[in-house]
Amino acid sequence: MTDIIWAPQEKQRIFMSRPEYEALYGGAAGGGKSDALVIEALRQVEIPYYKALILRKTFPELSELIEKSQNYYPRAYPGARYNASSHTWRFPSGAKIVFGAMQHEEDKTRYQGRAFDFIAFDELTHFTRDEYVYMFSRNRPNGPGTRVYIRATANPGGVGHAWVKERFITAAPPLTPVKSVVSWREPDGKIREKAQYRVFVPSTVFDNGALIKNDPLYVSRLAALPHGLREALLYGDWDSFSGQVFAEWKNDPAHYGDRTRTHVIAPFKIPREWGVWCSLDWGYSKPFSVGWYAVDPERRLYRIREYYGCTGTPDEGLLLEPSAVAREIRRIEEEDPNLKGRRIQRVGDPAIWNSDGTESIGALFERERVYIRPGKNARIAGKMQAHHRLAFDAAGKPGLYVFSTCGNFIRTFPALNYSKSDVEDVDTSQEDHIYDELRYVCMENPVAPKAPLAPAFAKNDRFDPLERLDYMKVL
């Protein structure tokens, strides 16, 4: 009788059987993600020219994966040898599995000119979209008959949270393939197209019966984590995660007793007596962001319209000249029913007035009769104003509402992480352009912080005994 070295649990089996080119597995802690990747890499090691690559962001983070491989690989394939200096397994057939890292953006060029039949990313949200997509060019067969595909695992949070969420989580319901069509021009001038598919396979600790059996207290340890971290790691909630800057953000209305708290509302006609602001964060190769905000008599802000200069690929700009952007701003303000005929105050990135001897971006805007005064760029003060605006008052109303039509704000703002080098500030390597223009308009309309509200515990809330205990201590 043959000894079984490893057998997939049900969610692992589903993930490992998917036919799509890309598949993401996980979304919470304890779902058996790393095991699934390490074993999946073995699928074609009996083919002599097969080569696989398993990636983590840094080499120290690879240690757990390598330890798993040292447990499974020699037992499954006696004669397999691991070279610690090159982080490479060589199998009796000649096939290789390489463990690699990509700590910095430029590190992706280490793999230039190399081919891997199988590429796996462990903790995909630690990578940028550019790093991930670049490796598609390295994903090609080393010989006839191999399957070429990409697999990844992830928990919510990290610098890549927003693009991973958009690509896999919100693109379609779990286990539903998402189709994308890629096209190219052949030397004969003909346009060729090919469909590619990707899919998300969710898993949580509750799908890992072996872990719960071996460590019955693991679930309780996840449940004891702070709210945002617990929601992400225990339940796989992509709207809550460790390191989230604006944890106050609420989109789907959350019910607290008889109050409904949300920042996203349906559009409505703005009363004529309300003030209107326009705020700009400039970008060329990166997106520019233009947001229009109404201010009600209680000084509450409403983001009512946005013009976001993105190609559709996250954090990729339209390469538009300032004059073209200014003309579109003017057209929007002349045609939008909530903006037409109003006096609009504009504020923006003070850097648009910088000049190296040529006409500044701000001056080019003025040529098109779009006048923007320099905003206050105090980053921490602006961040605190955003926090004050997100806070809910005693009536359950925040200081900032966002129209549901402002999709780019809803996509990028909640996903912002803290900087690792400046723990009080936002990580500026993310898609933070909308956040920056929000800061400018908040600094023009500053508000005082609201008094903290005691939490209410409704029957339909997810009960958190630790939070309730802390609340009782305060009382």
Side-chain angles (χ1 to χ4, degrees), residues 15-26 33-34 36-59 61-62 65 69 86-91 93-154 160 163-164 166-168 171 177-186 192-201 313-314 316:
F15 168 66
M16 297 173 74
S17 66
R18 297 301 304 196
E20 292 82 7
Y21 174 61
E22 301 171 68
L24 176 69
Y25 182 53
K33 301 185 299 295
S34 298
L37 277 194
V38 168
I39 297 298
E40 181 64 27
L42 288 173
R43 187 177 293 276
Q44 303 179 82
V45 294
E46 294 180 1
I47 302 174
Y49 39 79
Y50 167 75
K51 189 181 293 185
L53 174 66
I54 300 176
L55 288 165
R56 279 296 303 256
K57 193 60 181 169
T58 67
F59 276 110
E61 291 171 330
L62 283 168
L65 294 176
S69 73
S86 63
H87 308 286
T88 299
W89 280 95
R90 181 182 288 273
F91 292 83
S93 68
K96 295 179 182 178
I97 296 178
V98 180
F99 289 86
M102 201 181 292
Q103 184 170 2
H104 305 291
E105 184 83 21
E106 59 271 19
D107 290 345
K108 63 179 184 282
T109 59
R110 291 179 183 172
Y111 304 99
Q112 190 169 353
R114 303 176 69 180
F116 300 95
D117 307 85
F118 172 74
I119 298 178
F121 290 81
D122 193 36
E123 298 297 348
L124 184 58
T125 50
H126 294 183
F127 295 82
T128 67
R129 182 188 178 279
D130 286 348
E131 291 166 343
Y132 178 68
V133 172
Y134 175 81
M135 294 306 293
F136 286 19
S137 67
R138 306 300 94 213
N139 192 208
R140 59 188 185 187
N142 282 285
T146 59
R147 179 186 175 191
V148 175
Y149 61 113
I150 287 179
R151 292 293 179 262
T153 68
W163 75 262
V164 173
E166 181 180 40
R167 188 176 188 87
F168 290 98
V178 178
K179 179 181 178 180
S180 60
V181 178
V182 294
S183 61
W184 64 94
R185 187 186 302 276
E186 296 280 6
R192 309 290 184 188
E193 293 184 343
K194 183 174 178 60
Q196 286 188 174
Y197 294 87
R198 61 185 183 272
V199 72
F200 171 55
V201 180
T313 296
E316 185 175 275

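The analysis underlying the following values was restricted to heavy atoms, covering all of them including side chains, and did not include hydrogens, waters or symmetry mates.
Residues satisfying the side-chain hydrogen bond (donor to acceptor under 3.5 Å, both in side chains) test with Ser180, not counting sequence neighbours, are none. Partners of Tyr21 by side-chain hydrogen bond (donor to acceptor under 3.5 Å, both in side chains), not counting sequence neighbours, listed by chain and number: Asn139. With sequence neighbours excluded, the residues forming a salt bridge (Lys or Arg N to Asp or Glu O under 4.0 Å) with Arg167 are Glu22, listed by chain and number. For Arg185, there are no salt bridge (Lys or Arg N to Asp or Glu O under 4.0 Å) partners at least two apart in sequence or on another chain. With sequence neighbours left out, the side-chain hydrogen bond (donor to acceptor under 3.5 Å, both in side chains) criterion links Glu61 to Thr58. Looking at residues two or more places apart in sequence or on another chain, you find a side chain to side chain contact (heavy atoms under 4.5 Å, CB included) between Ala154 and Leu24, Leu124, Thr125, Trp238. Taking Ser137 as the reference, Tyr134 meet the side chain to side chain contact (heavy atoms under 4.5 Å, CB included) condition, with sequence neighbours excluded. Contacts of Ala115 classified as side chain to side chain contact (heavy atoms under 4.5 Å, CB included), with partners at least two apart in sequence or in another chain: Arg140, Asn142. The side chain to side chain contact (heavy atoms under 4.5 Å, CB included) search around Ser183 returns Ile191, Glu193, not counting sequence neighbours. For Tyr25, the ring pair (Phe, Tyr, Trp, His ring centres under 6.0 Å) partners two or more places apart in sequence, or in a different chain, are Phe15.
The backbone N or O of Pro177 lies less than 3.5 Å from no partner atom in the side chain of Glu20, so there is not a single donor-acceptor pair. Arg198 places no side-chain N or O within donor-acceptor distance of the main-chain N or O of Val178, the cut-off being under 3.5 Å.
Residues Phe116 and Leu55 have side chains not in contact (no heavy-atom distance under 4.5 Å, counting atoms from C-beta outward). Put simply, the side chain of Tyr132 reaches to within 4.5 Å of the side chain of Ile150, judged on heavy atoms.
Applying the salt bridge (Lys or Arg N to Asp or Glu O under 4.0 Å) test to every pair with at least one member in residues 119-133, sequence neighbours left out, gives these pairs: Arg56-Asp122, Lys57-Glu131.
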Only distances under 3.5 Å count here; give the side-chain donor-acceptor pairs of residues 45-52 to other protein atoms, sequence neighbours excluded, each with its distance to 0.1 Å.
residue : atom : partner : partner atom : Å
Tyr49   : OH   : Pro144  : O            : 2.4
Tyr50   : OH   : Ala41   : O            : 2.7

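For the pair Arg147 and Tyr149, the cation sits on the ring face: its NZ or CZ lies under 6.0 Å from the ring centre, inside 45° of the axis.
One distance of note links NE2 of His104 with OG1 of Thr109; it measures 12.0 Å at 0.5 Å rounding. Between Trp89 atom CH2 and Leu42 atom CG the span is 9.5 Å, to the nearest 0.5 Å.
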